[in-house]
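These numbers were taken from a predicted model, which means no experiment stands behind them. Throughout, residue positions are numbered sequentially from 1 according to the sequence presented.
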Amino acid sequence: MDLRSAQRIAEAEAARTGLGTGPNRRLRLTLLIGMPLFLPVLGVMILVPKSLMNEVLYVYEAAIIGCLLHYVWVFAKYPRYADRPPYLTRDLAMGGGFFLPSLFFGFWPAMIAAPAWALFVGVTYAVETMRENRGNH
């Protein structure tokens, strides 16, 4: 086994377990911070005066949009499946998880964008896999 293969195996194991490294870590932290964020936001909305409730909700919606844009940015850096670190495609598709917190507050742009994002990642993976298989025949 050469050094490059050993590094690739070590990166794959690190990406599979825990938070991983590099872009995998960034996406997983984005998901871990962004998804449960609706609970503290709900608490803040209960505690603030009614006149500030909408502003708190707008900040939360901006955070969800920022999380989804982070996923787009990582995809733009690694558009081809072959060039991605191990498990990055799976982590990119997990951006669809922002559907549930968006559903909780009725934030319809993210309710549409999150599942559409997961579908987009899946379709690009399938298309690239079919192209690769077609090229091998």
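- In the hydrophobic clustering of ILVMFWY residues, with side-chain heavy atoms under 4.5 Å counting as a link, L69 and I112 come out apart.
- With rounding to the nearest 0.5 Å, the separation of CD1 in I33 from SG in C67 is 8.0 Å.
- Counting non-hydrogen atoms of neighbouring residues, nucleotides and ligands closer than 6.0 angstrom, the OH atom of Y81 reaches no more than 12 such neighbours.
- Ring-plane geometry between F104 and F38 is classed as tilted, the angle between the planes lying from 30 to 60 degrees on a 0 to 90 degree scale.
- The same ILVMFWY cluster, assembled from side-chain heavy atoms under 4.5 Å apart, contains both L68 and W73.
- To the nearest 0.5 Å, atom OG1 of residue T30 and atom NE2 of residue H70 are 4.5 Å apart.
- Put simply, the side chain of D91 never gets that close to the backbone of R28: no donor and acceptor are under 3.5 Å apart.
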Pairs of donor and acceptor atoms involving the side chains of residues 46-58, under 3.5 Å and at least two apart or interchain, shall be tabulated with distances.
none

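- Considering all non-hydrogen atoms of both residues, G96 and A118 come closest at CA-CB, 4.0 Å.
- In this structure R84 satisfies the side-chain hydrogen bond (donor to acceptor under 3.5 Å, both in side chains) test together with T89, sequence neighbours excluded.
- By the rule that hydrophobic residues join a cluster once side-chain heavy atoms approach within less than 4.5 Å of another member, L100 and M94 end up as members of separate clusters.
- Between F99 and M111, the closest heavy-atom pair is CD1-O, 3.3 Å.
- The salt bridge (Lys or Arg N to Asp or Glu O under 4.0 Å) analysis of residues 120-131, with sequence neighbours excluded, yields the pairs R80-E128.
- Inter-residue side-chain proximity for Y125 and R90 is flagged as unmet; no heavy-atom pair is nearer than 4.5 Å.
- Taking the six-membered ring where the residue is Trp, the centroids of F75 and W117 are separated by under 6.0 Å.
- The structure places CG of L92 at 9.5 Å from CZ of F120, a figure rounded to the nearest 0.5 Å.
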Working for side chain to side chain contact (heavy atoms under 4.5 Å, CB included), residues I64 and F105: CA-CA 11 Å; I64 292 296; F105 285 116; over 6 Å; no
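- A chain of hydrophobic side-chain contacts below 4.5 Å, direct or via other Ile, Leu, Val, Met, Phe, Trp or Tyr residues, connects V121 to L27.
- Across all non-hydrogen atoms, the minimal contact from A114 to G95 is CB-O, 3.8 Å.
- With hydrophobic clusters built from ILVMFWY side chains whose heavy atoms lie under 4.5 angstrom apart, M35 shares a cluster with V41.
- Annotation for P23 and P85: closest pair CG-CG, 3.8 Å, computed over non-hydrogen atoms.
- A heavy-atom distance below 4.5 Å is not found between the side chains of P101 and L37.
- Interatomic distance, CZ of R26 versus CG of L88, reported as 9.0 Å (0.5 Å rounding).
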